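Everything below concerns the one structure shown next.
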Amino acid sequence: MYIVERFRALVRYHLERRSCDTRVQLTLLVQKINFVGGLLGLDVFTPNYSTTGRRFRLLVLNMFVFSLINLYSLNVSYGDLVNFMYCLETILYVGIAGIKMDVFVRHNRLICKLHQFMTEFYARCRGDPDQDRLLGAITLDTYVLVLLFGFCSSSAAALIFVYSLAWSATVEYALPFGFFIPTVGIEQLKGFLMNFAFQLFESFLMVAGLVSSEGAFFMFLLQACLQLDMLRLDFAKSLCSLFELHFFVVFGCIFCQLVSIVVVVVSVPDWYPGYFLFFMLTFQLFFSCALGQMFDIKCDELTVAIYNVPWYSMEVQDQKAMRLLLMASQHPGRLSYGFGSVNMQAFFEIYRRTYSIGMMMISVSEDE
């Protein structure tokens, strides 16, 4: 916690050096997220954003080619447990990338509407010391979460490539991931370097897409918590409906990836790239579930606070308004993944099931 607090203080110092105006801080945050997404053609916060841009078209083409290469590698590596499961890991990332593009591109109008609402809200609250302090804290927390997630994801991916290089330099050529360019073998140095560069490029696209999309989600969800404090429930409802299918696909893919890692690690305990990828998936799942838990707590606190209002001492008209407000607060929106709420209970449930499958695989291997 000490390290996090020191990091938070450092981020606050950096923000205040740029500007003490919360509107400027929010603009800088959106610009940074938009810049990372723009590397892929997904700068969805740009006014009049269009999918006809060259980068976006190249991204879609890359996803198609990447899927074909993964399917080819999956077919070729059938019978080789480690490489087959590793190809399965990477092809599941295509599903995650696809649903994120669906949310931020196909629903771009709603994304822009939520962003505009945030911008106008910050402008309206400008000048009130208490509200400025609250907005500054929310913006700072968003910066910290985005930077921490970016660092954790980038570090886990980098460790996979560092391990691959170290192993290739000391033992034999080994690619970081299971997929490879057809007809380009890795037995020779030239073929190894070509495949290594290709995997590095694809990993860069994956991490950049994850950081920008998750960063935007963190920003929106923290703003939804803030709007609940302000008794503005429409923002939270729109956000929950926007991300429900997203979490159904993402959590499903992550669960399958965790299970496949466990299956391989049980059979090949020294498969270290699997451990690095396991940590990367854990970071992604934990950040989303922890924020979802905070959102659930805010919803419960809102309901209790309204319920404890001394409505019996109010006028009849005010009592009716409080009744409507209480009814609305009981359904402020539910951040769901299809089978339950996105919270820490879902996080532990996914890992409980992964652990159960791992124990079952260990029992089977010991029997054999």
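Every value quoted in this text rests on a predicted model; they were computed, and no experiment measured them. In this chain, residues are counted from 1 in sequence order.
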Apply salt bridge (charged side-chain N to carboxylate O under 4.0 Å, His left out) to residues E349 and R352 and explain how you reach the verdict. CA-CA 5 Å; E349 179 65 19; R352 185 185 68 81; 2.8 Å; yes
side-chain hydrogen bond (donor to acceptor under 3.5 Å, both in side chains) for N343 and D296? Distances and angles first, verdict last. CA-CA 8 Å; N343 51 30; D296 281 355; 3.0 Å; yes
In this structure, is the centre-to-centre distance between the rings of Y337 and F248 below 6.0 Å? no
Suppose we call two aromatic rings close when their centres sit under 6.0 Å apart. Are F278 and Y351 close by that rule? yes
Qualifying side-chain hydrogen bond (donor to acceptor under 3.5 Å, both in side chains) pairs, either residue in residues 241-253, two or more places apart: K100-H246
Quick one: [atom1] on [X] to [atom2] on [Y], what's the gap to the nearest 0.5 Å?
X: T22; Y: F121; atom1: OG1; atom2: CZ; answer: 10.0 Å
X: L239; Y: L335; atom1: CG; atom2: CG; answer: 6.5 Å
X: F283; Y: F149; atom1: CZ; atom2: CZ; answer: 10.0 Å

I want to check something: taking the side chain as every heavy atom from C-beta on, are S288 and F217 in contact at a cut-off of under 4.5 Å? yes
Do F179 and S77 have side-chain heavy atoms sitting under 4.5 Å apart? no
Check the pair F196, S164 against side-chain contact (heavy atoms from CB on, under 4.5 Å), reporting the backbone distance first and the verdict last. CA-CA 9 Å; F196 189 90; S164 172; 3.8 Å; yes
Between S153 (side chain only) and G150 (backbone N and O only), is there a donor and an acceptor less than 3.5 Å apart? no
Carboxylate-amine/guanidinium proximity below 4.0 Å for D43 and R55: no
Going by the side-chain contact (heavy atoms from CB on, under 4.5 Å) test, name the single residue among L135, L29, L145, L15 that passes it with L140. L15
Could you check whether atom CZ of F7 has more than 12 heavy atoms from other residues, nucleotides or ligands sitting under 6.0 Å from it? yes
Heavy atoms from other residues, nucleotides or ligands near CZ of R18 exceed 12 (cutoff 6.0 Å): no
Ignoring hydrogens and angles, state whether a donor on the side chain of Y122 or T27 is under 3.5 Å from an acceptor on the partner side chain. no
